[in-house]
Chemist: 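Before anything else, here's the structure in question.
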Amino acid sequence: MKLKRKVEIVVISDVHLGTYGCHAKQLLTYLSSVNPKHLILNGDIIDIWQFSKRYFPKSHMQVLKKIVSLAAKGTKVTYITGNHDEMLRKFTDSEIGNISIVNKLVLELDGKKAWFFHGDVFDVSIQNAKWLAKLGAYGYDLLILINRFINWILVTLGKERYSLSKKIKNSVKGALKYISDFEKTATDLAIENGYDYVICGHIHQPKNEIVETKKGKTNYLNSGDWVENFTALEYQFKRWKLYRYSEDKLSAFYADEELKDMSEQELIAAITIMQPFKNTK
């Protein structure tokens with residue numbers, strides 16, 4: 001049995017369980033390869049916007065069970081709510097065992113201040129026209145589904161995978177400006193409030209970058225997603241690392257044996273475990 005890597009903090013976001021774009025098997029393989037002291041789920045883990053009983057594969061169920069299993073074995077799990085799982089915000093500042101739900105998180109890491117939040121608070125389209133944002137989410141999911149079919153053909157022909165959504169994002173000026181504005185807003189606020197690290201999700205753009213202005217500097221980090229990039233953030237030995245699944249050799253890792261069989265009742269238990277949370281306010 002291969003040893004798991006011990007990591008102080010692991011941050012994942014934008015998994016979108018319950019959608020066709022979610023790559024749950026890859027995430028499950030990654031989570032089975034690490035032993036984190038603290039697992040931070042930085043929003044949009046379960047896509048409640050698009051949740052359907054008709055589509056929730058076993059691998060998606062296994063991810064939920066894996067998270068609950070990590071908590072049961074001693075990992076502190078913090079679920080930071082995002083826009084796609086905003087229904088969980090009514091449980092903000094609640095906890096059960098090693099699992100807690102919050103809207104944002106501030107930690108002191110080796111004498112430095114780290115500010116964690118999903119990032120949808122900067123998204124005006126969500127705040128002022130939620131129905132339009134949801135419509136866009138469905139369109140994105142359809143694009144990902146089409147992309148998966150195209151990649152299946154490409155792989156069958158022995159060619160490299162291709163990302164339609166990345167191509168669109170990188171070619172549309174509005175999308176590039178949105179990402180740039182998002183990152184600037186996050187870093188400006190972090191510097192203004194004296195945070196050494198600002199850690200976000202939401203925009204599906206993994207990054208680890210030092211940003212310096214006349215007012216100071218901060219380390220901007222984005223955990224990316226498990227729809228296109230398959231990325232996570234890891235904190236160990238007083239530094240942050242951007243983990244990329246595509247660059248790792250995890251073929252020897254498989255989902256834990258205990259997760260292979262999961263009944264519908266276990267899934268319901270994993271999701272509704274939020275219900276009896278004790279409010280800490």
Side-chain angles (χ1 to χ4, degrees), residues 1-15 26-45 63-82 93 95-119 186-187 190-191 193-202 205-211 217-226 229-250 252-253 255-256 259 280:
M1 184 176 180
K2 196 168 181 179
L3 292 175
K4 299 181 180 183
R5 290 189 297 111
K6 290 185 177 180
V7 185
E8 191 171 337
I9 299 174
V10 166
V11 183
I12 61 172
S13 69
D14 301 276
V15 178
Q26 287 85 343
L27 176 57
L28 192 60
T29 301
Y30 168 63
L31 290 176
S32 297
S33 74
V34 292
N35 181 18
K37 288 184 180 179
H38 193 174
L39 173 61
I40 298 175
L41 309 173
N42 202 359
D44 290 359
I45 305 303
V63 168
L64 290 176
K65 189 174 182 183
K66 181 64 181 177
I67 292 169
V68 173
S69 174
L70 284 169
K73 292 177 181 177
T75 295
K76 179 179 174 58
V77 177
T78 302
Y79 195 128
I80 300 174
T81 54
D93 297 328
E95 60 182 34
I96 182 171
N98 284 330
I99 304 175
S100 60
I101 298 179
V102 297
N103 288 334
K104 59 184 177 180
L105 179 68
V106 175
L107 294 177
E108 184 172 314
L109 304 177
D110 298 302
K112 294 185 177 181
K113 291 171 67 179
W115 180 30
F116 301 79
F117 62 99
H118 181 63
T187 52
I191 291 171
N193 288 281
Y195 294 115
D196 300 286
Y197 307 112
V198 54
I199 301 96
C200 308
H202 189 53
Q205 294 290 312
K207 186 172 282 190
N208 180 357
E209 180 181 61
I210 301 294
V211 176
K217 69 176 181 178
T218 190
N219 189 176
Y220 169 79
L221 300 120
N222 195 299
S223 44
D225 65 281
W226 288 86
N229 296 292
F230 312 163
T231 52
L233 292 169
E234 298 180 353
Y235 182 79
Q236 183 77 336
F237 305 123
K238 298 184 180 182
R239 68 183 183 91
W240 284 99
K241 168 191 171 185
L242 180 60
Y243 168 87
R244 295 182 183 273
Y245 181 87
S246 60
E247 297 174 1
D248 206 345
K249 305 297 181 183
L250 292 174
F253 281 107
D256 295 347
L259 300 177
T280 58

Chemist: With a 3.5 Å distance limit and no angle check, can you tell me whether Thr75 reaches the backbone of Pro36 through a side-chain donor-acceptor pair?
Modeler: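 Pair found, side chain donor or acceptor close to backbone of Pro36.
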Chemist: Would you say the side-chain atoms of Ser33 pair up with the backbone N or O of Lys4, donor to acceptor, closer than 3.5 Å?
Modeler: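 Such a contact is absent between Ser33 side chain and Lys4 backbone.
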Chemist: Find the distance between CD1 (Ile9) and NZ (Lys37) and round it off to the nearest 0.5 Å.
Modeler: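 So the CD1 of Ile9 and the NZ of Lys37 are separated by 10.0 Å.
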Chemist: Can you see which heavy atom on Tyr197 is nearest to which on Lys238, and at what distance?
Modeler: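 In this case the closest contact between Tyr197 and Lys238 is OH-O, 4.2 Å.
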Chemist: Under a 3.5 Å cutoff, is there a donor and acceptor pairing between the side chains of Asn219 and Asn208?
Modeler: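 Yes, Asn208 and Asn219 have a side-chain donor paired with an acceptor closer than 3.5 Å.
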Chemist: When you measure from the side chain of Asn222 to the backbone of Gly201, do you find a donor-acceptor pair of N or O atoms at a distance under 3.5 Å?
Modeler: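 Yes, the answer is positive, given that a donor and an acceptor are paired below the 3.5 Å cut-off.
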Chemist: Nearest 0.5 Å, please: how far is CH2 in Trp115 from OH in Tyr195?
Modeler: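 Reported value, rounded in 0.5 Å steps: 6.5 Å.
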Chemist: CG of Asp110 to CD of Glu8: how many Å apart, nearest 0.5 Å?
Modeler: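 Answer for the CG-CD pair, Asp110 versus Glu8, is 6.0 Å.
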Chemist: Within the 4.5 Å heavy-atom criterion, are Val7 and Lys241 side-chain neighbours or not?
Modeler: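 Side-chain contact under 4.5 Å: no.
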Chemist: Rounded to the nearest 0.5 Å, what separates atom OG1 in Thr231 from atom CD in Glu247?
Modeler: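 Reported to 0.5 Å precision, the distance equals 10.5 Å.
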Chemist: Apply side-chain contact (heavy atoms from CB on, under 4.5 Å) to Val11 and Trp240, showing your working.
Modeler: CA-CA 10 Å; Val11 183; Trp240 284 99; 4.0 Å; yes
Chemist: Would you name the heavy atoms of Gly194 and Lys113 that are closest together and state the gap between them?
Modeler: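 Taking Gly194 first and Lys113 second, the nearest heavy atoms are O-CD, 4.0 Å.
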Chemist: What's the verdict on side-chain contact (heavy atoms from CB on, under 4.5 Å) for Gln236 and Arg5, showing C-alpha distance, side-chain angles and the deciding distance?
Modeler: CA-CA 11 Å; Gln236 183 77 336; Arg5 290 189 297 111; over 6 Å; no
Chemist: Verify, without hydrogens or angle tests, whether Asn35 (side chain) and Lys6 (backbone) share a donor-acceptor contact under 3.5 angstrom.
Modeler: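 No: the side chain of Asn35 does not pair with the backbone of Lys6.
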Chemist: Quick one: do Leu41 and Ile12 satisfy side-chain contact (heavy atoms from CB on, under 4.5 Å)? Show the steps, please.
Modeler: CA-CA 5 Å; Leu41 309 173; Ile12 61 172; 3.6 Å; yes
Chemist: Identify the residue among Ile67, Ile40, Val68 that makes a side chain to side chain contact (heavy atoms under 4.5 Å, CB included) with Val77.
Modeler: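 Option passing the side chain to side chain contact (heavy atoms under 4.5 Å, CB included) with Val77: Ile67.
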Chemist: Please name the residue in the list Val198, Asn103, Val102, Thr81 that meets the side chain to side chain contact (heavy atoms under 4.5 Å, CB included) test with Phe117.
Modeler: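 Considering Val198, Asn103, Val102, Thr81, a side chain to side chain contact (heavy atoms under 4.5 Å, CB included) with Phe117 is found only for Val198.
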Chemist: Show, in sequence, the C-alpha distance, side-chain angles and deciding distance for Phe116 and Thr78, and conclude whether the side-chain contact (heavy atoms from CB on, under 4.5 Å) test is met.
Modeler: CA-CA 11 Å; Phe116 301 79; Thr78 302; over 6 Å; no
Chemist: How far does NZ of Lys207 sit from CG of Asn229, to the nearest 0.5 angstrom?
Modeler: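 It comes to 12.0 Å.
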Chemist: Can you classify the ring geometry of Tyr245 versus Trp226 as parallel (below 30°), tilted (30 to 60°) or perpendicular (above 60°)?
Modeler: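 Tyr245 and Trp226: perpendicular rings.
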Chemist: Do you know the tightest heavy-atom contact between Ala114 and Leu109?
Modeler: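 Nearest pair, atom of Ala114 first, then Leu109: CB-CD1, 3.8 Å.
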Chemist: With side chains defined as the heavy atoms from C-beta onward, is the minimum distance between Glu234 and Val34 less than 4.5 Å?
Modeler: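 Answer yes - side chains close enough.
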Chemist: Between Asn98 (side chain) and Ala71 (backbone), is there a donor-acceptor pair under 3.5 Å?
Modeler: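 Side chain of Asn98 to backbone of Ala71, a donor-acceptor pair under 3.5 Å: yes, one is there.
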Chemist: So, for Pro206 and Arg244, which heavy atoms are closest and what is the spacing to 0.1 Å?
Modeler: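 Result for this residue pair: CG-NH1, 4.0 Å.
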Chemist: Among Leu242, Leu233, Val10, which residue meets the side chain to side chain contact (heavy atoms under 4.5 Å, CB included) test with Ser223?
Modeler: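 Of all the options given, the one that passes is Leu233.
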Chemist: Ignoring hydrogens and angles, state whether a donor on the side chain of His118 or Ser13 is under 3.5 Å from an acceptor on the partner side chain.
Modeler: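 No.
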Chemist: First locate atom CD1 of Ile210, then atom OH of Tyr220, and finally report the distance between them rounded to the nearest 0.5 Å.
Modeler: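 Spacing of CD1 (Ile210) from OH (Tyr220) equals 13.0 Å.
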Chemist: So which atom in Ala190 and which in Thr218 form the shortest heavy-atom distance, rounded to 0.1 Å?
Modeler: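 Heavy-atom minimum between the residues: CB-OG1, 3.8 Å.
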